[in-house]
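Read the structure below first, then the notes.
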There are 2 protein chains.
Amino acid sequence: MLTENFLKGRRRRELSAEERQALESVLTPPVTLPKRRVVTVRGDVVSRSTFLISGFMCRYMDGADGQRQLVSVETPGDFVDLHGYPLQRLDHDIATISECQVAYAPHEKLTELIERFPHLGRLLWFSTLLDAAMHREWIFRLGRLDAVGRVAHMLCETYVRLDAVGLVENQSFAWPLTQQDLGEACGLTSVHVNRTLRVLREAGMVDVADRIVTVLDFGRLASTGEFKPDYLYFNDELRTP
Amino acid sequence: MLTENFLKGRRRRELSAEERQALESVLTPPVTLPKRRVVTVRGDVVSRSTFLISGFMCRYMDGADGQRQLVSVETPGDFVDLHGYPLQRLDHDIATISECQVAYAPHEKLTELIERFPHLGRLLWFSTLLDAAMHREWIFRLGRLDAVGRVAHMLCETYVRLDAVGLVENQSFAWPLTQQDLGEACGLTSVHVNRTLRVLREAGMVDVADRIVTVLDFGRLASTGEFKPDYLYFNDELRTP
DNA sequence: CGCGATATTGATATAGATCAACTAATGTGG
DNA sequence: CCACATTAGTTGATCTATATCAATATCGCG
């Protein structure tokens, strides 16, 4: 089941067997993309959307001086650029971070699908609004938290999202982002990210090393990052690890 | 026509007469809300969405220390909290800034509407993704621009959006946000917003006084704020004032 | 007409950027 | 499989944009 992680754990949003079957039927066979590959650039007209089966991708915008600002990190089970279906044209770039497995949903098939299954249409809509909710929290992070808070918040979000799709084991998860990437997500330089991670490590909250994140004290990490997971719309049991 | 400004000027997104008629028919009669009134708070379960006819509203999140971070400013023609329809529960607060006229769309009626007019459903979906696109640009603003750039970018966005619904006259528009509000949007203190506005005024780009914004040199303001209006998905003619 | 909210200006403090040097991984072609 | 190149991470010194604190001015409203 390619889409088994789609909306997994979202409160009252599980797909029916029939809906899932129908969704699977519009996807192309899976494809592997190499790491650090730009997939779509701002302005591209898109006629299909990318479902992420495994690996990490990101969406970002480029500044005038060539600096990147990540606007989201996509993890397995995410419909990366479903936004492109109603928008038709993308307002940001998309790239892989690690090697990824993806499958494509052609837009004309999505239209048929939604007309046949309006409820599934609402679920797809919902999934794009999860992105919007994460964007809002991202704005909060940049606007109101200091460096330690921003990184803590980001790591909490990732932890909870990956936990929902079974990618957390022993408080740890694989994390292909470099410190540079994390800085581009949090509006910080890689140098400062490095110092910030040291602070969090020395405080015993989290350890990031060798592309693996180990959360040692989720409670303290969450309160440092003012992380309240309601915006991820998970089932209650999942909401506070 | 209450909804005459809904999606106005968006490329190939105008509603058909029949669709507009149907949309109007689900709205309650207009209501007036006083300024600075909190309308919804984070966590509220919502069963209707608010269409903004006139006035300014905002969406925001509260930090632990009581600081607000605005995540969007809503202007006439916006479906303020249509996100609440697929999400059911809101992850942020909503308040008026100025006195506002609004009409409500009960969610059960929206469901009927969308099943009858799937294309209108896609337009409603599209309108929520415009918010997401603005959120992304907002992230870019906070993560990559300095104070002058952030304020410039925000003023450009507002100018273009208000222009599309006929609220710009002689390069000027009414602007009910205080410097404090603008700071809460841009992640700056009101003191620094004040100094930033002075810089922009002295550079001859824009003048903000008496709750009126006058854009004197849009081109320079846009380049200062790295403002590229494609993310607002307007018709081409509207894209560069 | 007076009082709270908003705007303005100045002085000082600080978080994070920038610049620079070095180390440790990771990868690649011979 | 090694030698070298490239990328990622680490640490220190200095600089700067913006916060913070403080005082005054002005506006808008009851």
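It should be emphasised that the depicted structure is a prediction, and the values quoted were computed from it without experimental measurement. Protein chains get the first letters and strands the later ones, always in sequence-line order, with residue 1 at the start of each.
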For this session: Grab the CZ-C1' distance between B:R195 and D:dT18 for me, whole Å please.
Result: 9 Å
Exercise. Can a salt bridge be assigned to the pair A:R42 and B:D230 using a cut-off of 4.0 Å between side-chain N and carboxylate O?
Worked result: yes
For this session: Tell me whether the centres of the aromatic rings in A:F218 and A:Y159 are closer together than 6.0 Å.
Result: yes
Exercise. With a 4.0 Å cut-off, would you call B:R150 and B:E137 a salt bridge?
Worked result: no
Exercise. At under 4.0 Å, does any side-chain N or O of A:Q179 touch on OP1 or OP2 of D:dT7?
Worked result: no
Exercise. Is the closest side-chain heavy-atom distance between A:V208 and A:W175 below 4.5 Å?
Worked result: yes
For this session: Please state how far atom NE2 in A:H192 lies from atom P in D:dT14, giving the value in whole angstrom units.
Result: 19 Å
For this session: With heavy atoms under 4.0 Å as the rule, sort B:G187 into base, sugar-phosphate or nothing.
Result: sugar-phosphate
For this session: Quickly work out the A:L182 CG to D:dT7 P distance and round it to whole Å.
Result: 20 Å
Problem set entry | Atom pair distance, as rounded to whole Å: CG in B:N194 and P in D:dC21 | 18 Å
Exercise. Whole Å only: how far is the CG atom of A:L177 from the C1' atom of D:dG9?
Worked result: 15 Å
For this session: Report yes if the side chains of A:D62 and A:D93 come closer than 4.5 Å at any heavy-atom pair, otherwise no.
Result: yes
Exercise. For the pair made of CD in B:Q180 and C1' in D:dT20, what is the distance, rounded to whole Å?
Worked result: 14 Å
For this session: State whether A:D181 and A:R68 are salt-bridged, where the test is any N-O pair (Lys NZ or Arg NE/NH1/NH2 against Asp/Glu carboxylate O) under 4.0 Å.
Result: yes
Seminar exercise, completed: Contact span of DNA chain C against chain A, any nucleotide atom under 4.0 Å from a heavy atom, 5' to 3', runs C:dG16 to C:dG27
Problem set entry | Spacing between B:E99 atom CD and D:dC29 atom P, to the nearest angstrom | 12 Å
Exercise. What is the nucleic acid contact for B:T189, judged by heavy atoms within less than 4.0 Å: base, sugar-phosphate only, or nothing?
Worked result: base
Problem set entry | Electrostatic pair A:E99-A:K35, nearest N-O below 4.0 angstrom | no
Problem set entry | Atom-pair distance (CZ on A:R211; C1' on D:dA8), nearest Å | 7 Å
For this session: Would you kindly compare B:A147 and B:K35 by the position of their nearest DNA chain D nucleotide and give the one closer to the 5′ end?
Result: B:A147
Problem set entry | Of A:V191 and A:D210, the one whose closest DNA chain C nucleotide lies more 5' | A:V191
For this session: Measure the shortest side-chain to side-chain distance between A:Y231 and A:R136 over non-hydrogen atoms and say whether it is less than 4.5 angstrom.
Result: no
Problem set entry | Relative orientation of the end axes in the helix from C:dC1-D:dG30 to C:dG30-D:dC1, expressed as an angle to the nearest 10° (five pairs per end) | 60°
For this session: For the pair B:S54 (side chain) and B:C100 (backbone), establish whether a donor and an acceptor sit closer than 3.5 Å, ignoring hydrogens and angles.
Result: no
